[in-house]
Enquirer: 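Handing you this structure, nothing more for now.
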Amino acid sequence: SPKHKYYKEINEVIAEHIKYAAKLDIDNTWELIHDEGEMKVFKREMEEDGMVVDPLKAVHTVKGITGHEVCHYFWNPDVRMEWEGTLESAQVLDWFSEDTCVCYQIHKKVWPTTQREALFWTQIRHVPNEDEDEDGPDYWIVCNYSIPDHDKCPASKNVRINMNVAMVCETSMEPPSSHDGEITRDHITCRITYAANVNPGGWAPASVLRAVYKREYPKFLKRFTQYVMDQTKDKPIMF
Ligand SMILES: O=S(=O)(CCO)c1ccc(-c2ccc(C3CCCC3)c([C@@H]3C[C@@H]3c3ccccn3)c2)cc1
């Protein structure tokens, strides 16, 4: 099928996220803002035109689910409202391919900021281990990336955020020796790297935004991973 308008951009943005996730360079420029069990959430303080645009990075290790399952539920627009507690509405405006669509979503108002909305493409991709030896990295990735407009985008008075978000997952399985061949959920672990670059779009007090970020991201990641565990616990493993 003819390539769609965003084909080139999507490949570039995804490649960039994979490069970053592979490096996982949590150096001292990242400030730890939340540390709970296996979940660590970091931020960098950055402003653009006086607006807080702090990049956020979270690493989380979850037993019993795979990277494919985490990415499937994070990407699947049909279930977004089931786990994303900060959304008022979410809809698909367009499908570029079976793994790529354009979403329009309105976030609940976060006092005292004005209501936000987002228009973005979202793609799920499996990036298998490309080098011959078996233990190369195998990623599942979802990227949500803002686009400036879309002919089906509803007119609204909300402030439009600009975001570049990626969920990159790597699954590890215990060696077959520890289980006689049949892999169960007890033998799998998923390492999640979540990176969010959100420009709030309209001015909000830096102290307010930083408090919102500090409170909302850990809550969001906990709620989402719990949702995936609940959805998958009685289902066959999606490898
Ligand atoms: O991972 S996703 O792609 C999942 C798809 O929904 C995603 C997550 C979060 C956002 C997001 C959008 C707006 C805002 C702010 C900006 C000013 C007032 C609201 C925030 C702030 C950080 C706080 C926040 C964090 C997590 C969830 C909701 N709220 C975050 C966008 C996309």
Side-chain angles (χ1 to χ4, degrees), residues 10 13-14 17 20-21 31 33-34 36 39 41-60 70-93 100-125 140-147 156-169 192-228:
I10 291 174
V13 169
I14 295 242
H17 278 298
Y20 264 99
E31 178 191 336
I33 59 170
H34 187 88
E36 183 183 352
M39 178 166 65
V41 183
F42 303 85
K43 76 168 181 184
R44 271 193 186 138
E45 297 214 344
M46 267 170 71
E47 302 197 2
E48 263 168 34
D49 314 326
M51 276 190 307
V52 165
V53 291
D54 298 358
L56 184 115
K57 184 181 275 242
V59 288
H60 195 6
V70 170
C71 285
H72 170 76
Y73 288 102
F74 183 72
W75 173 83
N76 184 355
D78 295 343
V79 301
R80 177 106 9 101
M81 292 302 285
E82 289 177 25
W83 57 266
E84 236 280 41
T86 71
L87 293 184
E88 202 170 271
S89 68
Q91 62 190 101
V92 173
L93 300 185
T100 311
C101 64
V102 174
C103 293
Y104 172 71
Q105 50 187 49
I106 299 176
H107 279 256
K108 287 174 184 165
K109 190 168 162 28
V110 178
W111 186 87
T113 66
T114 46
Q115 186 145 42
R116 254 71 178 181
E117 65 176 35
L119 174 68
F120 58 97
W121 52 256
T122 180
Q123 180 174 91
I124 183 169
R125 188 183 298 192
W140 276 91
I141 177 168
V142 174
C143 184
N144 295 340
Y145 193 83
S146 290
I147 56 176
S156 91
K157 62 190 184 320
N158 300 321
V159 172
R160 176 80 58 82
I161 68 165
N162 190 35
M163 69 177 178
N164 177 358
V165 173
M167 181 84 79
V168 183
C169 299
I192 301 168
T193 304
Y194 174 80
N197 297 279
V198 172
N199 181 321
W203 188 82
S207 56
V208 165
L209 270 187
R210 288 187 168 126
V212 168
Y213 283 32
K214 187 175 169 70
R215 184 187 69 231
E216 291 294 332
Y217 275 116
K219 197 163 75 176
F220 157 82
L221 290 163
K222 268 173 76 176
R223 175 179 167 135
F224 169 66
T225 47
Q226 187 57 54
Y227 172 80
V228 177

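Atoms within a ligand are numbered from 1 in the order they appear, just like the ligands themselves.
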Enquirer: For atom 32 (C) of ligand 1, grab the closest protein heavy atom and report residue, atom and distance to one decimal in Å.
Expert: M163 SD, 3.3 Å

Enquirer: Out of all atoms in ligand 1, which are within 4.0 Å of some heavy atom of I161? Include the element for each.
Expert: 12 (C), 31 (C)

Enquirer: Is it the case that the side chains of E117 and S156 hold a donor-acceptor pair, with the cut-off being a distance below 3.5 Å and no angle test?
Expert: yes

Enquirer: Tell me the protein heavy atom at minimum distance from atom 14 (C) of ligand 1, and give that distance in Å.
Expert: V198 CG1, 4.4 Å

Enquirer: Is there any N or O on N144 that sits under 3.5 Å from an N or O of ligand 1?
Expert: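 N144 vs ligand 1: N/O contact under 3.5 Å present.
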
Enquirer: May I ask you to list the atoms of ligand 1 that are less than 4.0 angstrom from any heavy atom of E84?
Expert: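 Taking each heavy atom of E84 in turn, ligand 1 has 4 (C), 5 (C), 6 (O) under 4.0 Å.
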
Enquirer: Under 4.0 Å from a heavy atom of V165: which atoms of ligand 1 are those, numbered in the order shown and with their elements?
Expert: 1 (O), 3 (O)

Enquirer: Students should be able to answer this: which protein heavy-atom is nearest to atom 30 (C) of ligand 1, and at what distance?
Expert: Y217 OH, 3.8 Å

Enquirer: Going by the atom numbers of ligand 1, which of them fall below 4.0 Å from some non-hydrogen atom of H107?
Expert: 10 (C), 11 (C), 12 (C), 31 (C)

Enquirer: How close do V53 and P200 get, heavy atom to heavy atom, and via which atoms?
Expert: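 Closest approach of V53 to P200, heavy atoms only: CG1-CD, 4.2 Å.
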
Enquirer: Mark up the atoms of ligand 1 that fall under 4.0 Å of a heavy atom belonging to Y213, in ascending order.
Expert: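 Near Y213, meaning under 4.0 Å from one of its heavy atoms, ligand 1 has 21 (C), 22 (C).
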
Enquirer: Between K219 and E36, is there a salt bridge with N-O shorter than 4.0 Å?
Expert: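 Looking at K219 together with E36, the answer is no, because their closest N to O distance does not fall below 4.0 Å.
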
Enquirer: For Q105, is at least one N or O under 3.5 Å away from an N or O on ligand 1?
Expert: yes

Enquirer: For Y194 and ligand 1, answer yes if some heavy atom of the residue is under 4.0 Å from a ligand atom, otherwise no.
Expert: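 A heavy atom of Y194 does come that close to ligand 1.
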
Enquirer: Are side-chain N/O atoms of N158 and H107 paired as donor and acceptor at under 3.5 Å?
Expert: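 Judged by distance alone, the side chains do not pair up.
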
Enquirer: Write out the residue and atom name of the closest protein heavy atom to atom 24 (C) of ligand 1, then the distance separating them to 0.1 Å.
Expert: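 It is E216 CB, 3.3 Å.
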
Enquirer: Tell me the protein heavy atom at minimum distance from atom 19 (C) of ligand 1, and give that distance in Å.
Expert: V110 CG2, 4.0 Å

Enquirer: Do side-chain atoms of R44 reach the backbone of K57 as a donor and acceptor pair under 3.5 angstrom?
Expert: no

Enquirer: Just jot down the ligand 1 atoms closer than 4.0 angstrom to any heavy atom of T86, in number order.
Expert: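 Matching atoms, with element in brackets: 27 (C), 28 (C).
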
Enquirer: Tell me, which protein residue and heavy-atom name are nearest atom 16 (C) of ligand 1, and how many Å apart are they?
Expert: P200 CB, 3.9 Å

Enquirer: Determine the minimum heavy-atom distance between N197 and V165, stating which atoms define it.
Expert: N-CG2, 4.5 Å

Enquirer: Might you point out which heavy atoms bring Y217 and A196 nearest each other, and give the distance in Å?
Expert: OH-CB, 3.7 Å

Enquirer: Can you tell me if D78 has over 12 outside heavy atoms packed within less than 6.0 Å of its CG?
Expert: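 Atom CG in D78 is packed in, count exceeds 12.
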
Enquirer: Could you tell me whether R116 and ligand 1 have an N or O pair separated by under 3.5 Å?
Expert: no

Enquirer: Tell me whether the centres of the aromatic rings in F224 and Y194 are closer together than 6.0 Å.
Expert: no

Enquirer: Working to the nearest 0.5 angstrom, can you tell me the gap between T86 OG1 and Q105 CD?
Expert: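 One finds 7.5 Å between OG1 of T86 and CD of Q105.
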
Enquirer: Does L209 have a heavy atom less than 4.0 Å from any atom of ligand 1?
Expert: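 A heavy atom of L209 does come that close to ligand 1.
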
Enquirer: Between the side chain of K108 and the main-chain N/O of G85, is any donor-acceptor distance below 3.5 Å?
Expert: yes

Enquirer: Could you tell me which non-hydrogen atom of G201 sits nearest to which non-hydrogen atom of M51, and how far apart they are?
Expert: C-SD, 4.0 Å

Enquirer: Which of the atoms in ligand 1, numbered in the order shown and given with their element, are less than 4.0 Å from a heavy-atom of V212?
Expert: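 So the answer, numbered in order with elements, is 23 (C).
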
Enquirer: Show me which atoms of ligand 1 lie under 4.0 Å from any heavy atom of T113.
Expert: 18 (C)

